[in-house]
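Everything numeric here is computed off the predicted structure, so don't read it as measured data. Atoms within each ligand, like the ligands themselves, are counted from 1 in listed order.
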Amino acid sequence: MKEIYFEQIDSTNLYGKLHLGELPDKTVIYAKNQTEGRGRLSRRWVDLGGDNLFLSFILKPSNSFSERYSNLSQYLSVILCKVLESYNVMPEIKWPNDVLINGKKIAGILAETVTKGDQLKGIVLGIGVNLNADAGALKLVTDKQITALNLETARFIDVANFRKLLCTTFFNDYEKFMSQGFAMLHDYYSSHACFLDKEVTIQIFDKKLNGIAKNITNKGELQLFDGKDNLIINIGDILS
Ligand code: BTN
């Protein structure tokens, strides 16, 4: 596993996308600070300071698309939950890949593909984890419910230890996940899901869908009952 470290960078995901051609499979790019962090749905990922995690995995599994790739961000959310559990907190997952503690978001995951024509060149799988933040500063950054691991454990979190554990846990099961897919995660993922049997709103591009979240399929899709039909959703985000 090759590692690339920056004291400061615009975005580890952007660096990964721009340099994907020259980077080997399983490269890990991480930074102390990020000035232009990229988030899902064209949002920004705010830098809460140098004691937080900003990291991207470069993955080059094969030249062709596979169903597995769309589940990689869910794989990473499960890995993150396992790492967080070792810090004695109880993480939950909000479909598809948000990780929460006590109902507050602690991390964000962004998978970006790099293609040339119809060829897949690779995937940049980025993750930001709030490890050490000031409760007051969090409120200034956003009105959304967010938290950091130091606030949940009442102790300072060593970023290097956390990063090493995350990378080791990620690569330990990576080949198994690539061969077995989401089915391998299904039970753990479902038992950590905070949205099942609840009324949810799903944002799919500029459209919103309401219903009861019934189930997670063996492919990681969300089964939503809209009052009439069971819909299978494979794109979008649960808003609430
Ligand atoms: C989200 O919107 O929830 C996803 C946020 C992903 C943020 C991480 S931080 C490291 C990597 N580099 C980026 O620019 N974004 C991801």
Asks: So which of K104, R40, K105 actually passes salt bridge (Lys or Arg N to Asp or Glu O under 4.0 Å) with D98?
Replies: K105
Asks: Give the residue, atom name and distance (to 0.1 Å) of the protein heavy atom nearest atom 5 (C) of ligand 1.
Replies: W45 CE3, 3.4 Å
Asks: Closest non-hydrogen protein atom to atom 15 (N) of ligand 1, residue and atom name please, with distance?
Replies: R38 O, 2.8 Å
Asks: Output every pair passing side chain to side chain donor-acceptor pair (under 3.5 Å) with a member in residues 43-55, not counting sequence neighbours, ordered by first then second residue.
Replies: N33-D47
Asks: Looking only at protein heavy atoms, which one is nearest to atom 2 (O) of ligand 1, and what is the separation?
Replies: R40 N, 2.7 Å
Asks: Answer with side chain, backbone, both or neither: which part of L14 has a heavy atom less than 4.0 angstrom from an atom of ligand 1?
Replies: neither
Asks: Return the OH to CD1 distance between Y15 and I4, rounded to the nearest 0.5 Å.
Replies: 4.5 Å
Asks: When H192 is tested against each of E92, E85, K94 for side-chain hydrogen bond (donor to acceptor under 3.5 Å, both in side chains), which residue passes?
Replies: E85
Asks: Taking only Lys NZ, Arg NE, NH1 and NH2, and the carboxylate oxygens of Asp or Glu, determine whether R163 and E3 approach each other closer than 4.0 Å.
Replies: yes
Asks: Which of the numbered atoms in ligand 1 are under 4.0 angstrom from any heavy atom belonging to K105?
Replies: 1 (C), 3 (O)
Asks: Both conditions, 6.0 Å and 45 degrees, for the charged tip of K82 above the ring of F170: are they met here?
Replies: no
Asks: Can you name the atoms of ligand 1, numbered from 1 with element, that are less than 4.0 Å from a heavy atom of T12?
Replies: 10 (C), 11 (C), 12 (N)
Asks: Of all the atoms in ligand 1, which lie at a distance below 4.0 Å from a heavy atom belonging to G37?
Replies: 14 (O)
Asks: Hey, is ligand 1 close enough to Q34 that some N/O pair sits below 3.5 Å?
Replies: yes
Asks: Heavy-atom pairs closer than 4.0 Å: do any link ligand 1 to the side chain of I127, the backbone, both, or neither?
Replies: backbone
Asks: Between E175 and K26, does any NZ, NE, NH1 or NH2 come within less than 4.0 Å of an OD or OE carboxylate oxygen?
Replies: yes
Asks: With respect to E36, determine whether any N or O atom, backbone or side chain, lies less than 3.5 Å from an N or O atom of ligand 1.
Replies: no
